[in-house]
Q: 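Below is the structure I would like to discuss, written out as structure tokens.
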Amino acid sequence: MNAQTPAALSPYSSSAGKASRTETHTLSVLVDNEPGVLARVVGLFSGRGYNIESLTVAEVAHAQALSRITIVTTGAPETIEQISHQLERIVPIHKVTDLSLLDGFLQRELAMIKVRGKGEARTEALRLGEAFRARVIDATTESFIFELTGAPKKIDDFVELMRPIGLVEVARTGVAAITRGPQGM
Amino acid sequence: MSKTMTGAEMVVQALQDQGVTHLFGYPGGAVLPIYDALFHQTKIQHVLVRHEQGAAHAAEGYARSSGKVGCLLVTSGPGATNAVTGLTDALMDSIPVVCITGQVPTHLIGSDAFQECDTVGITRHCTKHNYLVRKIEDLPRILHEAFYIARSGRPGPVVIDIPKDVQFASGTYQPPKNIQHKTYHPQLKGDLGKIKHALAMMAKAKKPVFYTGGGVINAGPAASTLLRELVAQTGFPITSTLMGLGAYPATGKNWLGMLGMHGSYEANNAMHDCDLMIAVGARFDDRITGRLDAFAPYSKKIHIDIDPSSINKNVAVDLAIVGDCAHVLEDMVRLWRSESLSADKKALADWWSQIDRWRARKSFGYRKSDRTIKPQYAVERLYELTKGRKTLITTEVGQHQMWAAQHFHFEEPNRWMTSGGLGTMGYGLPAAIGAQLANRDALVVDIAGEASILMNIQELSTAKQYRCPVKIFILNNEYMGMVRQWQELLHGGRYSSSYSEALPDFVKLAEAYGLKGMRCSNPADLDAAIQEMIDSPEGVVFDCIVDKSENCLPMIPSGKAHNEMILPDTDEDIGNVIDDKGKMLV
Ligand SMILES: Cc1cc2nc3c(=O)[nH]c(=O)nc-3n(C[C@H](O)[C@H](O)[C@H](O)COP(=O)(O)OP(=O)(O)OC[C@H]3O[C@@H](n4cnc5c(N)ncnc54)[C@H](O)[C@@H]3O)c2cc1C
Ligand SMILES: Cc1ncc(C[n+]2csc(CCOP(=O)(O)OP(=O)(O)O)c2C)c(N)n1
Ligand SMILES: [Mg+2]
């Protein structure tokens, strides 16, 4: 969202130094679901010039009032380590896990994709939708809305295929992510 | 003992239960119920400041000089926004402060009501944590939690914003008990395996140096004692940041003086050439590291810090120990002894002889004069004449601050209060008042600049009202000296707006506030004048007229390495030292 200079490239860094590799990481953040907690998290990213590629949040345990925030961010590995530690300083945050450092995790996103077209285009859209296992959740004589769930890349690919056919607009939820295997975070 | 009371009474009760003795504040519509509750008690002394920024800095001075949490109370809107600079200052310097702000009643929040501002929104970025109290049931917990968060782990400021209806509401007060906080549990003990590893590295080191900082002060006086022990056991040289002065005594034989931009030649060269750096409660600030890719290039680095985000932030280290300095130093001292470790004495002897050669440059030296008072001389004399007393020093921001750090020597922690991270002009006078109220027996001196002192000069009234005999020792060079120095360095000596034009007569100003005013411009009279200031039972404003063109040296110019310092006796034109890339930096 905010493509500012990563903190690791402060003016005091040597520009002659090694160009740090940029990586994409997915962070899972367990927070108390209290007013302002999202503002604290988002404010940290804007205030310190970190990137947010995607951010989702929803309550996951009503009784304990816990919410889970999933953040996809990009930066040099040392910047991403900083981001985790900076997040841990926010008082109502219980736990920060960098899923990308773990053995394996799944990410899913839901998208609704509106496509407009008649005749040939219409059948082509439907055929591709089937191939991607997208569901049709609304149809008119000249349009469809597909619902598609999957890793972000799959959604990107599908959207690209729809573009020449008659893509109208896309709504995406952003990424939710969880580790594989029996262990929780 | 739980009791029914109003929100305002709970605030006062909680402050009492938290051991608050002084509350710095300024009244207004949104905090009147709390002021009324204060009226009915005597345990807490309310200190009426003359500007809310002053309240925040006074709370900082109180906190830093006593090791306790400083506390302030301000009204909604302008009261809260006036406190913001002080809160930011406390955040940058890790000072424990609790700030209570009044807020418009809950049903008016968001309506642009009279004196409404989004206090939690505004202060979110300049506090460690903040609260808007929406219901009376939450108030007792939040009050106690705020103190816990302010003082635990890496200390910092906490704001509690209390709407007026919550102050009037009544509820059940709970005294502080050892409640486990839901989420905030800073790690105090360091990992023993890592500590042992650190000691093994220390035993092997040939050119080690301790680089210590404000974290040692934050960790309490025990940490300073343990640090002294560890330095004695190992025989290693030690330097400190501006914020850590006093943790190790300046008369101690292993002391190298402060490091960094205006640090000593020996400290900076030892940092540059060391093979092992042991950072204790210091955060690798840019005033310390200079050019990052030339920072201590031959060294392994150990970093002890309570805040994991301080580690590997600016400088990657080889061994990180997360924990409270006092706990970690205690383990280090104990294990160094019980494992019968010893330093490489031969290598250390060579290292010390190298350091002695750097020391011989006498980098804090300056040209003496018998016609004008050199600012360094003034600080030196102040130091000599106050030796042996319990003296607390605060400062404003600028050259005088650096000269104070270089030439006033601290033997104990909590005696030195300065705005390091934010560099807030106007900090010193209110901080001195806070420090004086926490230490009635001490001599408290604000080493000031003539420009900075005007930023919170109104607090002289506070000093007068509460009989704080603080001494404001102004090094009056008629310039924003630090700005003038940088203009000389970077902008061809074009002194754009840095001359202190139309200064008040500080002697008359002091008298107008009911304090004693003094002036001295002759080096021959200086000792007697300083003595008169010290002996005075009143608050004193001392206008010390000093050399106008003196630069603060030594200096690592921006964008340069530790071993590229400008020394005082180099006759190089300082306007040519910094390259274009360096000019971009601050
Ligand atoms: C005009 C000007 C010039 C300056 N020039 C210099 C200079 O030449 N040299 C210099 O040193 N400074 C200078 N400063 C100050 C500088 O800007 C920084 O404020 C200072 O260097 C930071 O000190 P520190 O690293 O000790 O960190 P602090 O800000 O004191 O931070 C403390 C560190 O310790 C950690 N910590 C806190 N509590 C604990 C605990 N209980 N246990 C373990 N760790 C803990 C914190 O997490 C943090 O990392 C200057 C400032 C100004 C305004
Ligand atoms: C609130 C604030 N505004 C501006 C600055 C920038 N600044 C740093 S030092 C300085 C000059 C200070 O002058 P003076 O108090 O006379 O001290 P001197 O350097 O002359 O000793 C200024 C303007 C600052 N640090 N703080
Ligand atoms: Mg000046």
Side-chain angles (χ1 to χ4, degrees), chain A residues 5-20 27 29-50 61 63-69 75-96 98, chain B residues 91 109 118 120-121 123-132 134 138 145-146 148-150 152-154 156 158 161 181-187 284-295 305-316 320 322 558-559 561 581-586:
Chain A
T5 328
L9 298 182
S10 84
Y12 293 90
S13 309
S14 77
S15 49
K18 59 239 151 227
S20 276
L27 309 178
V29 186
L30 214 55
V31 303
D32 273 337
N33 184 12
E34 61 177 41
V37 67
L38 189 59
R40 290 182 204 281
V41 171
V42 175
L44 170 70
F45 278 76
S46 62
R48 292 189 182 262
Y50 303 140
Q64 297 104 299
L66 283 180
S67 287
R68 181 164 175 144
I69 303 179
E78 54 280 10
T79 308
I80 291 172
E81 185 191 326
Q82 253 304 293
I83 294 176
S84 293
H85 291 317
Q86 291 292 351
L87 283 168
E88 283 162 356
R89 288 171 47 149
I90 297 178
V91 169
I93 287 188
H94 286 256
K95 195 161 196 253
V96 180
D98 184 344
Chain B
L91 183 69
I109 290 179
D118 177 6
V120 283
T123 61
R124 192 171 289 133
H125 296 268
C126 63
T127 53
K128 182 174 171 184
H129 193 48
N130 62 14
Y131 300 88
L132 170 61
R134 288 159 194 278
D138 294 338
E145 224 177 80
Y148 166 77
I149 287 172
S152 312
R154 179 179 185 167
V158 178
D161 195 27
H181 191 273
K182 252 202 294 189
T183 50
Y184 189 66
H185 310 292
Q187 181 176 340
F284 294 88
D285 182 78
D286 55 60
R287 299 298 92 162
I288 300 306
T289 59
R291 203 173 97 211
L292 274 174
D293 63 350
F295 176 69
D305 203 292
I306 202 159
D307 180 353
S309 81
S310 279
I311 294 170
N312 294 332
K313 178 165 67 181
N314 303 328
V315 170
V322 175
S558 48
K581 235 171 67 189
K583 285 186 185 170
M584 301 280 287
L585 307 177
V586 287

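Model, not experiment: these values are computed from the prediction. Numbers restart at 1 for each chain; the letters A, B, ... are given by sequence-line order, proteins then strands.
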Q: Drop me the distance from A:L44's CG to B:R124's CZ, to the nearest 0.5 angstrom.
A: 12.0 Å

Q: Quick check against the 3.5 Å criterion: does B:S309 have a side-chain atom that pairs as donor or acceptor with the backbone of A:H85?
A: no

Q: Give, as side chain, backbone, both or neither, the part of B:I311 having an atom under 4.5 angstrom from any heavy atom of chain A.
A: backbone

Q: With a 4.5 angstrom heavy-atom cut-off, could you sort out which part of A:I93 is near chain B: side chain, backbone, both or neither?
A: backbone

Q: What is the minimum heavy-atom distance between A:V91 and B:H181, and which atoms define it?
A: CG1-CE1, 3.7 Å

Q: When rounded to the nearest 0.5 angstrom, what is the spacing between CD in A:E88 and OH in B:Y184?
A: 11.5 Å

Q: Relative to chain A, which segment of B:D307 carries a heavy atom at a distance below 4.5 Å: side chain, backbone, both, or neither?
A: side chain

Q: Please list, chain by chain and in numerical order, all residues satisfying salt bridge (charged side-chain N to carboxylate O under 4.0 Å, His left out) with B:K182, sequence neighbours excluded.
A: A:D32

Q: Measuring from B:R134:CZ to A:E34:CD, what's the distance to the nearest 0.5 Å?
A: 10.0 Å

